[in-house]
Q: 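Supplied in structure tokens, the structure appears directly below.
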Amino acid sequence: MNGSVPDENAGVYTMPPEAYRVGTHPPTSPRDPVPAPATRMPQAARRRKAWDVALSSVLLVLLAAAATLGSAAAVFLALAGASCGRGGRVCEGAERDAGVWTALTTPWMVLVLCLAATVALLVARRRGYWVPLLGLLVAAVLWGTGAVLVWAAI
């Protein structure tokens, strides 16, 4: 099998197995070495943007401050039910408690999730500043939901 036309099957052309390999060229003579198969070109590693790391850090600190402020405000929401039972007012205690706990705990849960997601994105060299921004929005909406529950129960 040297790439020639065999005598017994005139008109049938056979190729050496090296010719079927993708990315290689058949040797020009039997003594030439077979070239190595083609490999992928290495991709350039992503660069970590310094502004993204700095902005993500500042936004995470801002999210932690918002979680602290939200928890402090949730304590004051708990005081809103102090007038229940006076003057014939009837309050829903379970609904009020659910609202207080929602306003108290959800900002911290959002902070932990955003911290983990931001660090994972920055380690993978992807942009992560948008995660704390989204976390601020989600924490505010969840705190507002807890406050609405408290106000509806009073």
Side-chain angles (χ1 to χ4, degrees), residues 1 13-28 32-154:
M1 295 218 177
Y13 181 78
T14 59
M15 294 175 49
E18 293 83 20
Y20 294 108
R21 294 189 180 137
V22 176
T24 63
H25 302 287
T28 55
D32 288 343
V34 177
T39 60
R40 282 185 155 180
M41 295 295 296
Q43 294 181 352
R46 291 185 182 170
R47 294 188 59 212
R48 182 177 294 149
K49 308 256 189 294
W51 65 267
D52 183 36
V53 174
L55 183 61
S56 298
S57 300
V58 168
L59 289 172
L60 283 171
V61 169
L62 186 63
L63 183 59
T68 304
L69 183 65
S71 293
V75 171
F76 290 111
L77 281 177
L79 296 175
S83 64
C84 290
R86 292 188 183 159
R89 282 184 88 161
V90 178
C91 296
E92 297 293 329
E95 187 177 346
R96 183 192 66 212
D97 292 343
V100 168
W101 280 107
T102 299
L104 186 67
T105 59
T106 54
W108 294 104
M109 290 181 204
V110 170
L111 174 65
V112 169
L113 291 174
C114 287
L115 181 66
T118 302
V119 168
L121 286 173
L122 291 177
V123 167
R125 298 178 187 266
R126 299 203 180 258
R127 291 197 177 133
Y129 72 90
W130 60 271
V131 176
L133 282 176
L134 183 65
L136 283 168
L137 178 68
V138 169
V141 167
L142 290 175
W143 190 92
T145 302
V148 167
L149 283 173
V150 169
W151 293 328
I154 297 177

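Heavy atoms only: backbone and side chains are in, while hydrogens, waters and symmetry mates are out.
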Q: Would you name the heavy atoms of Leu142 and Thr102 that are closest together and state the gap between them?
A: O-CG2, 3.7 Å
Q: Check side chain to side chain donor-acceptor pair (under 3.5 Å) between Ser71 and all other residues, then give those that pass, not counting sequence neighbours.
A: Trp108
Q: Give the minimum heavy-atom separation between Ala103 and Leu77, together with the two atoms involved.
A: CB-CD1, 3.9 Å
Q: Show the nearest heavy-atom pair for residues Leu122 and Ser56, with the distance to one decimal.
A: CD1-CB, 4.1 Å
Q: For Glu95, what residues pass the side chain to side chain contact (heavy atoms under 4.5 Å, CB included) criterion, not counting sequence neighbours?
A: Glu92, Leu149, Ala152, Ala153
Q: Less than 4.5 Å apart, any side-chain heavy atom of Val58 and any of Tyr129?
A: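 Val58 vs Tyr129: side chains apart.
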Q: To the nearest 0.5 Å, what is the distance between CG (Leu111) and OG1 (Thr106)?
A: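 Reported to 0.5 Å precision, the distance equals 11.5 Å.
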Q: Can you list the residues that meet the side chain to side chain contact (heavy atoms under 4.5 Å, CB included) rule with Thr105, with sequence neighbours excluded?
A: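 Side chain to side chain contact (heavy atoms under 4.5 Å, CB included) check on Thr105 returns Trp101, Met109.
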Q: How close do Leu136 and Ala66 get, heavy atom to heavy atom, and via which atoms?
A: CD2-CB, 3.9 Å
Q: Hey, does Pro132 have a side-chain heavy atom less than 4.5 Å from the side chain of Leu62?
A: no
Q: Between Val100 and Val150, what is the shortest heavy-atom contact and its length?
A: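 Taking every non-hydrogen atom into account, N-CG2, 3.5 Å.
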Q: Please report the shortest heavy-atom distance between Ala139 and Pro107, naming the atom on each side.
A: CB-CA, 4.3 Å
